[in-house]
Amino acid sequence: MSTILYKYIYTVCGSSMAVVQNRQMSGAAPKPRRYDSREVSMALASKIKELRLKKKKSLQDVADEVGASKAHIWDLETGKSSNPSIELLTKLAKCFGVSVAELIGENPAGEDADPQVVAMYRELNELSSADRQAIQAMMDHLKNRKPKG
């Protein structure tokens, strides 16, 4: 990892960066990233609703097109149902004319993607695995810090 990057991240993250460095030096695998399933399902829910309204389709139209019940589409759209099958995600993506990546919010080149985030994504691809792990540690630290006030 570059010394400049390490110093910057250590300044921002403090001791959490030392944990990453120790794990790298010992050869230990990095901690797996934790996803908040509620956050993911709400992102999918809002995307389904947004696309359905944009395409001017009713819940029943979507349900009929993908072979699901209207109630199940409603549950997906409101976030009450989570973890749909890849088959259903594929059918929904086809119904709305988008990729599965776009549907689940994982497409960095999507039409509503922030240009700054896309540029950062491209730069991340040029970094070493160790540098990306360090940046991931910094992002995790920033997401988990308590707001001041």
Side-chain angles (χ1 to χ4, degrees), residues 5 8-24 28-149:
L5 179 61
Y8 174 76
I9 293 171
Y10 190 80
T11 302
V12 174
C13 298
S15 62
S16 63
M17 189 54 225
V19 171
V20 171
Q21 185 183 32
N22 289 340
R23 292 181 69 78
Q24 289 171 350
K31 281 185 170 180
R33 185 172 176 202
R34 291 185 203 156
Y35 289 97
D36 182 354
S37 61
R38 181 94 177 126
E39 185 180 308
V40 171
S41 70
M42 290 310 294
L44 176 62
S46 63
K47 192 66 174 182
I48 291 172
K49 184 173 185 176
E50 173 194 330
L51 290 168
R52 182 179 65 78
L53 295 175
K54 191 176 185 180
K55 296 287 185 174
K56 298 182 178 161
K57 293 185 180 209
S58 69
L59 285 167
Q60 191 64 56
D61 292 337
V62 173
D64 291 344
E65 197 168 329
V66 301
S69 71
K70 179 179 173 182
H72 187 54
I73 301 301
W74 172 252
D75 286 346
L76 285 170
E77 206 173 270
T78 58
K80 292 178 185 173
S81 178
S82 59
N83 201 18
S85 69
I86 188 67
E87 180 183 358
L88 181 56
L89 287 174
T90 303
K91 288 178 180 180
L92 285 167
K94 184 176 180 183
C95 172
F96 297 129
V98 297
S99 68
V100 173
E102 180 76 19
L103 182 64
I104 63 173
E106 293 287 325
N107 186 359
E111 69 180 46
D112 54 343
D114 181 340
Q116 182 182 16
V117 173
V118 173
M120 290 172 70
Y121 173 78
R122 284 189 193 113
E123 289 183 33
L124 282 171
N125 283 326
E126 298 171 7
L127 297 177
S128 71
S129 177
D131 287 348
R132 286 194 303 267
Q133 287 174 359
I135 290 172
Q136 181 64 57
M138 185 172 76
M139 289 190 307
D140 291 344
H141 172 77
L142 293 171
K143 287 189 311 187
N144 295 325
R145 69 180 174 193
K146 294 184 179 175
K148 294 178 181 176

Open item on the list: Going by side chain to side chain donor-acceptor pair (under 3.5 Å), name the residues that satisfy it together with Glu87, two or more places apart in sequence or in a different chain.
Closed with: Lys91
Task: Counterpart residues, side chain to side chain donor-acceptor pair (under 3.5 Å), relative to Ser58 (two or more places apart) - done: Asp61
Task: Evaluation steps, side chain to side chain contact (heavy atoms under 4.5 Å, CB included), between Val98 and Lys47 - done: CA-CA 11 Å; Val98 297; Lys47 192 66 174 182; over 6 Å; no
Task: Any side-chain heavy-atom pair of Leu51 and Glu102 under 4.5 Å - done: no
Open item on the list: Under the salt bridge (Lys or Arg N to Asp or Glu O under 4.0 Å) definition, can you give me all pairs with a residue in residues 63-78, not counting sequence neighbours?
Closed with: Arg52-Glu77, Lys57-Glu65
Closest approach of [X] and [Y], non-hydrogen atoms and distance?
X      : Y      : value
Phe96  : Ile48  : CZ-O, 4.0 Å
Leu92  : Leu76  : CD1-CD1, 4.2 Å
Val100 : Leu89  : CG2-O, 4.2 Å
Ala45  : Gly79  : CB-N, 3.6 Å
Asn125 : Arg132 : O-NH1, 4.1 Å

If I take atom [atom1] from residue [X] and atom [atom2] from residue [Y], how far apart are they, to the nearest 0.5 angstrom?
X      : Y      : atom1 : atom2 : value
Lys49  : Ile73  : NZ    : CD1   : 14.0 Å
Ile135 : Leu127 : CD1   : CG    : 5.0 Å
Gln60  : Ser69  : CD    : OG    : 9.0 Å

